Amino acid sequence: IPPPNVTGSLHMGHALQHTLMDVMTRHKRMRGYRTLWLPGMDHAGISTQLMVSRALKKEGKSRHDLGRESFVERVWKWKRESGGQITKQMRRAGSSVDWSREKFTMDEDLSSAVREVFVRLYEEGMIYRGNRIVNWCPQDQTVLSDLEVEKLPQAGKLYYLQYPIKNSDRRVTVATTRPETMLGDTGVAVNPSDERYSELVGATVLLPLTNREIPIIADDFVDPEFGTGAVKVTPAHDPNDYDMGQRHDLPQVVVIDTFAKMTAEAGERFAGLDRYEARKLVVEEFEALGLLEKIVDYEFSISKCERCKTVIEPLISTQWFMKMDQLRDRALDLLAREKKPRFVPETPYEKVYTNWLENLRDWTISRQLWWGHQIPAWYTRTGEVIVARSEDEAREMAGTSEITQDQDVLDTWFSSALWPFSTLGWPNETEDLKTFYPTSVLVTARDIIFLWVSRMVMTGMQFIGKEPFADVFVTGTILDAQGQRMSKTKMNGVDPLDVFDKFGVDATRLTLAQVGTTDTRWNEKQVESYRNFANKIWNAARFCLLYSEGAKVKPALLQTTTANLALHDRWIISRLNKTARDMNAALAAYEFHGAVQTLYHFFWDDFCDWYIELSKSDVTSDTPSAQRDEARSRLLTVLEHALRLLHPFMPYITEELWGRLPGEKPLHPAYSNAEPTVMLTAYPQGGPVDETAESEMNMLITLVTGVRNIRAEYNLKPSDKINVLIGIPSPNLRKVFEENTDQVKRLTGASTIDVSASLNAPKASAKFLLTSTDEVAIPLEGLVDFAEETKRLQRKKEKLEAEAKKLQAQLANPDFATRAPAEKVQQAQDRIREIELHSKALDQAIENLQ
RNA sequence: AGGCACGUACGUCAAUGGUAGACGGCUUCCCUUACAAGGAAGAGGUUGGGGGUUCGAAUCCCUCCGUGCCUACCA
C-alpha cells in the first residue's frame, strides 16, 4: 500500500486505490495464492510537525519553548491519540489488509533500515554534505526538494535597471523580476556572441546603492533575445546565477536571510527589511538616481512551497544530498532490459518515468525539522564528520564521546523509498523478504511516480538487486462534477465516507473499480445505480432463499456432462462458465471496467431476468418433489457461484448472503481448515461454453422479446389474451420451442402457443421473424390496422436493407475481396444472404396483409 | 516555452483497424405472487472540424479548434 500520511483521512483517491488493491488481493487470495497486502502509515515530516505546532500555538507555545526532545515526544503522543484516522476508515471500506503487519515509517525496525541505507550510501560516496543553493521555505524554515516546490504562473513586473560603467558614460541595462537581489549582485553577464556587448566584456560596473565594483562576464547561459541581453548575476540568491558564479568564480554576497529579510550585507538602509519592502525601496532609489529605465508587466512562474504556499527563497545552505546518477542508471537499465516496472497503462507513464529519470538531479535529503529520522551523522569538536549506525558506533569511530549529532532530519520520502523491503525486515534476511520480495504490483496515483515509485525502484535495485514490483497500476483521477481536481482549498471534495453512508460501501466500490485508469467526473447517479444493483442482488437472494425448503447448495448440480438438463439450466451453466472465464481474464489484465460490466450483466440480465424467471415454474411449485428440490438446489448453487464472482468487488453483501446459503460450500483447498467465509472460497475458473444452449436460448429470448414488443406496439393490456403461432421448419428447433411452451406462455402472457412446421396464420396477425426461416404470428382479430402493420413490417425491412446496402458496397469493391481476410469476406456474404432471406420473408408477410 | 494526453448519445464512460455499446436520464405501458431502488417495450450518434493512409478508421498520420496534465534555469 502506498502508506498514507499519519495526519490524513480517507479521500476519494485513497478510496479508489484501496478498492483496486483490495479487488486484486481478494481475487488472488480466492485463487489460493499467498497474498500479502501490507498496510502502514507515513510519518509525513512537515505536515505532522505543522499540525502539532499549530496545536501548541493554541496553548501559546512554540516548539522551541518545549525543546526538541519534548516536542518529538508530543508528536508521538499526538500520533498515539489521534493519528491514523485513516486506518479506521479503511476497515469500513472493507480493505482486506493484514493488520497484524501494520508498519509506521518511524518504527524502530524501519528507522534502522533508514540508518543502514544512509550509512551504506555515505560509505560509497553517494551521500554527501555540501554547500549549495537550495529551495528554502522562509515560513517552514526548512529546505525543500525540487519536487516539493510548485511553480505557479504569476502576474508580475519586469524591472529594467541601469548600471553605470566605470570610466565611461555608458550604462548597461539589466532586466529583473527581483530588483532587491541587485544588492547581492557580483557580476553582469552577456552572451559571448552578442555583438552589442562585446566591447563591454571585461569592463567594470559600478553597482548602484552599494560601493561594489563588479565585472561584466560572458556566459553561454545568457539568452540575447530576452530582456536586454544583459543579466545581473546574484550567485547567492538564484540557482542559475549560482551556477554562473561557480563558472566565473564570482563571490557570493548573501543579502537575504532565512526569514526572507535583508541582511547587514545588504547595507544599512536595507538591513532588516522584508524582501518585498526592500524591493520597493530599491526601485524608488533607482528612480531617484535616474537609473530606472522602465517597468513592464510580465507574467512568469514563481516557486512556492507546496505545503504553505510561501514564495521560495533560493539560498546557499549546507545540506545533505544524494547522488542519483548511478541509481538512475540502474533503474533505466532495468526498464530497458526487463521492462520493469511495467506501467499500466503503458502510455504515457513509461515515457514520463523515463524522461524524468534521464533529467534527474541530486536529491536534497536533509530537512530542518524535528519530526523525522535524524540524520545519523555526528560532528567532533574539531569538525570531523562521522556517519554511523548509532551514537555508540560514532563515539567509537571518533575515539571520543564529545560528539554531537546533526540536527537535521531526512526527507520523508527517504524512508518511503525503502518501504517495499524495510517493511519486510531488511536488512535482515527474513523469510518474508524471501517470500514476498519482489512484490507483484503497486497501485498508485500518478502524482507520486517521481516522488515515490522511481525512488523505490532505485533503492530496491541498489540494496536488494531486484525490482520492488513487477507492475505499476496508475489510477485515474476522480474529478468533481465540473471536471476540476478535488482539493481541500477548493472545498469541492466528495468525502467517500459520506458516499458510504448514503449508498453503501459495496456500491461505492463498484463505482470506483470501474474508474480504473481513466480520469472521471464524480457522478453520484452512478453510485446510485450500483446501490440498486446491490439491492437487486439482495432481492434475488431473498427469492432463492424463500423457496429453499428441501434444497441446498450442491456444486455437482452444475456439471452438464451427466445430467439431462432443461435448456435454461444448460444455458445458465454455460453463462456462468463464460462469466468466470471473462472475469479472470479481465482481472489478470487489470481491466476493471470490463470486469464490473461483466458481473453486472451476468447477474442482472442472465441470472435475474431470465434464469430466475425460467426457474419459477419448477421452483415455486406447491408440491414437494425431487424435481422441485433439484431445481431449487441448482438455483441456490448458481447464486452461490455468482456471489463468489462478485465477492472481490462487493465484500459486504456477498459475505452476508453467502453465509445464509445452506449446503456444500467448500473453501479453497489452500484454506480448508479455516472458518467458513466467502473470502476463502475458490474463485470460479469457468468451464466449457455450451454453444448450442446459448443459441437455442437466444432464440427463446428473441421469441419472448418479440411477442412483448408486439404487445407494446399494439397497446395490449397484460390481461388481454393472445395466441402465439410459431412456424419452424427444423424439427430439432421445433422441439426446443415445444418443450418450452409453458415457459413462453408465462413470460409473454399468451394463452396458447402453437408450434408447427409452417405458419398458417390469419391475415389479421402481427408478425415477426425469429430467423429468415422461422416466423411468429399473433392473430389479432379486430386489432390489426392493416396499413399500420404493413408500415411496421416495412420499417423493419428498411433497417435490414440499409445494412445490406452497406455490405454490398463493401463487397462490390474488388479490393475488398482480394485484400480483406477471407473470413471477413465470408462473414459479409453470409450476412447478406441472411438479410435477403429475412427480407423476402418480410415481403411475404406484407403481401399477406394486402 | 516545451512535452504528453484527451474530445464518442442529454450526462458519466466503454469499444485487439472490421455493422459504434453500457449505465443513468428521457418516452410509453405495468403496483405481474424476490425486487417501483422494480418489470416490459422504445427513441436517441456523419465518434470536435478538415484532410490523408487503408479494401475498411472512433481507432493510424497531418492540421485546426477546444479541454486537461506534466516537465522546465529564460533573468
Side-chain angles (χ1 to χ4, degrees), chain A residues 146 151 158-159 174-178 181 189 221-223 225-234 238-244 298 300-301 345 347-349 351-352 355-356 359 446-447 449-450 477 479 481 483-485 503 511 514-516 518-526 528-547 591 593-594 596-597 600-601 604 608-609 612-613 616 620 704-705 708-713 715-719 746-749 802-804 806-807 810-811 813-821 823-825 827-828 831:
Chain A
D146 292 341
K151 308 274 172 108
L158 193 57
Y159 302 84
V174 296
T176 180
T177 55
R178 301 195 59 193
T181 61
F221 165 77
V222 181
D223 176 5
E225 303 293 317
F226 188 89
T228 61
V231 193
K232 59 191 274 311
V233 184
T234 323
D238 181 279
N240 303 311
D241 294 5
Y242 176 84
D243 291 343
M244 260 196 287
Y298 180 62
F300 60 104
S301 55
T347 356
Y349 300 113
K351 213 164 148 189
V352 165
N355 287 347
W356 185 76
N359 299 308
R446 61 175 147 261
D447 52 354
I449 290 178
F450 305 144
T477 308
L479 307 166
Q484 302 276 312
R485 265 187 110 80
F503 299 108
T511 310
Q514 67 158 9
V515 165
T518 15
D519 289 1
T520 306
R521 295 181 184 211
W522 181 253
N523 183 358
E524 202 176 85
K525 286 283 181 192
Q526 189 65 253
E528 195 180 335
S529 98
Y530 286 128
R531 185 271 317 264
N532 294 349
F533 179 54
N535 199 39
K536 186 76 179 178
I537 296 170
W538 185 263
N539 281 314
R542 234 166 43 113
F543 172 81
C544 299
L545 287 166
L546 195 61
Y547 295 100
E591 286 165 3
H593 186 277
V596 171
Q597 296 297 314
Y600 189 95
H601 289 118
W604 202 312
C608 292
D609 289 351
I612 288 185
E613 292 306 323
K616 277 181 178 172
T620 63
V704 171
T705 309
R708 285 170 173 172
N709 180 315
I710 284 170
R711 268 190 178 279
E713 289 195 21
N715 289 321
L716 299 180
K717 289 193 195 113
S719 54
R746 264 192 325 108
L747 296 180
T748 60
E803 190 189 333
K806 235 179 175 178
L807 288 168
Q810 199 172 34
L811 284 169
N813 184 337
D815 289 330
F816 178 69
T818 51
R819 302 217 184 172
E823 183 200 340
K824 294 287 170 197
V825 178
Q827 268 175 23
R831 180 66 187 148

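The structure displayed is predicted, hence computed values, not measured ones. A note on names: the letters A, B, ... follow the listed sequences, proteins ahead of strands, and every chain is numbered from 1.
Relative orientation of the Tyr298(A) and Phe300(A) rings is parallel, given thresholds of 30° and 60° on the angle between their planes.
With both ends at atom C1', the span from A9(B) to A20(B) equals 11 Å, rounded to whole Å. Rounded to whole Å, the separation between the C1' atoms of U28(B) and G21(B) comes to 24 Å. Atom P of C61(B) sits at a distance of 16 Å from the matching atom of U54(B), rounded to the whole Å. Nucleotides G38(B) and G24(B), compared at atom P, are 8 Å apart to the nearest Å. Remark: the separation of the P atoms in C10(B) and C4(B) is 32 Å, to the nearest Å. Between A43(B) and U59(B), the two P atoms lie 27 Å apart (nearest whole Å). Look at the P atom in both G66(B) and G49(B): the space between them is 15 Å, to the nearest Å. Using P as the reference atom, U47(B) and A58(B) are 7 Å apart when rounded to the nearest Å.
No donor-acceptor pair closer than 3.5 Å links the side chain of Thr518(A) to the backbone N or O of Thr520(A). The closest donor-acceptor contact from the side chain of Asn535(A) to the backbone of Arg531(A) lies at 3.5 Å or more, if one exists at all. When atom types are taken as modelled, the side chain of Arg485(A) and the backbone of Leu479(A) share no donor-acceptor pair closer than 3.5 angstrom.
For A41(B), the base has no donor-acceptor partner in the side chain of Arg708(A) [N/O atoms by modelled type, under 3.5 angstrom]. For a distance-only test at 3.5 Å, the side chain of Gln526(A) fails to qualify as a donor-acceptor partner of the base of A22(B).
Minimum atom distance to the side chain of Asn532(A) is reached by A37(B), of the listed G39(B), U12(B), A37(B). The side chain of His601(A) lies closest to A22(B) when the candidates are A22(B), A34(B), C35(B). Among the nucleotides G39(B), G18(B), C74(B), the one closest to the side chain of Pro821(A) is G18(B). Checking A34(B), G18(B), G42(B) against every side-chain atom of Asn709(A), the shortest atom distance belongs to G42(B). Among C23(B), C73(B), C69(B), the nucleotide with an atom closest to any side-chain atom of Asn240(A) is C73(B). Minimum atom distance to the side chain of Phe450(A) is reached by C70(B), of the listed A40(B), C70(B), C23(B). Here the side chain of Trp604(A) is nearest to one of G39(B), G11(B), A40(B), namely G39(B). You'll find that the side chain of Lys536(A) is closest to A34(B), out of C69(B), A34(B), C13(B). Among A14(B), A34(B), G18(B), the nucleotide with an atom closest to any side-chain atom of Gln810(A) is G18(B). With distances taken from any side-chain atom of Arg521(A) to the nucleotides A75(B), C13(B), A34(B), the minimum falls on C13(B).
Between the CD atom of Gln810(A) and the CZ atom of Phe816(A) there is a distance of 4.0 Å, given to the nearest 0.5 Å. The CZ atom of Phe543(A) lies 7.5 Å from the CD atom of Glu613(A); values are rounded to the nearest 0.5 Å.
Residue Pro348(A) is in sugar-phosphate contact alone, with no base atom involved, counting any heavy-atom pair closer than 4.0 Å across all strands shown. Phe300(A) comes within 4.0 angstrom of sugar-phosphate atoms only, judged by non-hydrogen atoms across all strands, and of no base. Note on Lys151(A): only backbone sugar-phosphate atoms sit closer than 4.0 angstrom, heavy atoms only; bases stay farther off. Residue contacts for Pro814(A): at a heavy-atom cut-off of 4.0 Å it reaches no nucleic acid atom on any strand shown. Across all strands shown, Thr477(A) has no heavy atoms under 4.0 Å from either base or sugar-phosphate atoms. Among the heavy atoms of the strands, none lies under 4.0 Å from Glu713(A). Using a 4.0 Å heavy-atom cutoff across all strands shown, Asn523(A) reaches sugar-phosphate atoms only and no base atom. Nucleic acid contact for Arg178(A): none, since no nucleic acid atom lies under 4.0 Å from a heavy atom of the residue. The residue Thr818(A) sits apart from the nucleic acid: no heavy atom pair falls under 4.0 Å. Using a 4.0 Å heavy-atom distance criterion, Asp519(A) is classed as a sugar-phosphate-only contact. Using a 4.0 Å heavy-atom criterion, one finds that Arg542(A) contacts the sugar-phosphate atoms exclusively. Within the 4.0 angstrom heavy-atom criterion, base atoms lie near Cys608(A). Note on Val352(A): nothing from the nucleic acid sits closer than 4.0 angstrom, heavy atoms only. If you check every strand for non-hydrogen atoms under 4.0 Å, Lys525(A) touches sugar and phosphate atoms only.
G2(B) and C70(B) make up a base pair, with Watson-Crick or G-U wobble contacts both under 3.5 Å. In this structure A43(B) sits in no base pair that meets the Watson-Crick or G-U test at under 3.5 Å. Judged by Watson-Crick or G-U wobble contacts below 3.5 Å, the nucleotide G11(B) has C23(B) as its partner.
The side chain of Tyr547(A) contributes an N or O atom lying less than 4.0 Å from OP1 or OP2 of A34(B). Listed pair Lys616(A) / A34(B) meets the phosphate criterion, a side-chain N or O lying under 4.0 Å from OP1 or OP2. Taking side-chain N and O atoms only, Thr518(A) has a distance below 4.0 Å to OP1 or OP2 of A14(B). Between Tyr298(A) and A75(B) there is a side-chain N or O to OP1 or OP2 distance below 4.0 Å.
Rounded to whole angstrom, the span from the CG atom of Asn355(A) across to the P atom of G2(B) amounts to 16 Å. At whole-Å resolution of the value, CG in Asn539(A) and P in G38(B) are 9 Å apart. Remark: C1' of G18(B) and CG of Leu807(A) are 11 Å apart, rounded to the nearest angstrom. Following rounding to the nearest Å, Gln514(A) (CD) and G11(B) (C1') show an atom-to-atom distance of 14 Å. Across the protein-nucleic acid pair, Leu811(A) atom CG and U19(B) atom P stand 14 Å apart, rounded to whole Å. A straight line from CZ of Phe816(A) to P of A57(B) spans 12 Å, rounded to a whole angstrom. Atom CD of Glu524(A) is separated from atom C1' of G25(B) by 15 Å (rounded to the nearest Å).
Between the side chains of Arg178(A) and Thr234(A), not a single donor N or O lies within less than 3.5 Å of an accepting N or O.
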Quiz prompt | Check against side chain to side chain contact (heavy atoms under 4.5 Å, CB included), Phe503(A) and Thr511(A) | solution = CA-CA 11 Å; Phe503(A) 299 108; Thr511(A) 310; over 6 Å; no

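Map Ala175(A) and Asp815(A) each onto its nearest nucleotide of RNA chain B; the residue landing nearer the 5' end is Asp815(A). For the pair Gln597(A) and Phe226(A), nearest-nucleotide mapping onto RNA chain B gives the more 5' position to Gln597(A).
Heavy atoms only, all atoms of each residue included: Gly227(A) and Ala175(A) are closest at CA-CB, 4.3 Å.
Between Arg446(A) and Asp519(A) there is a salt bridge, with a side-chain nitrogen of the basic residue lying less than 4.0 Å from a carboxylate oxygen of the acidic one.
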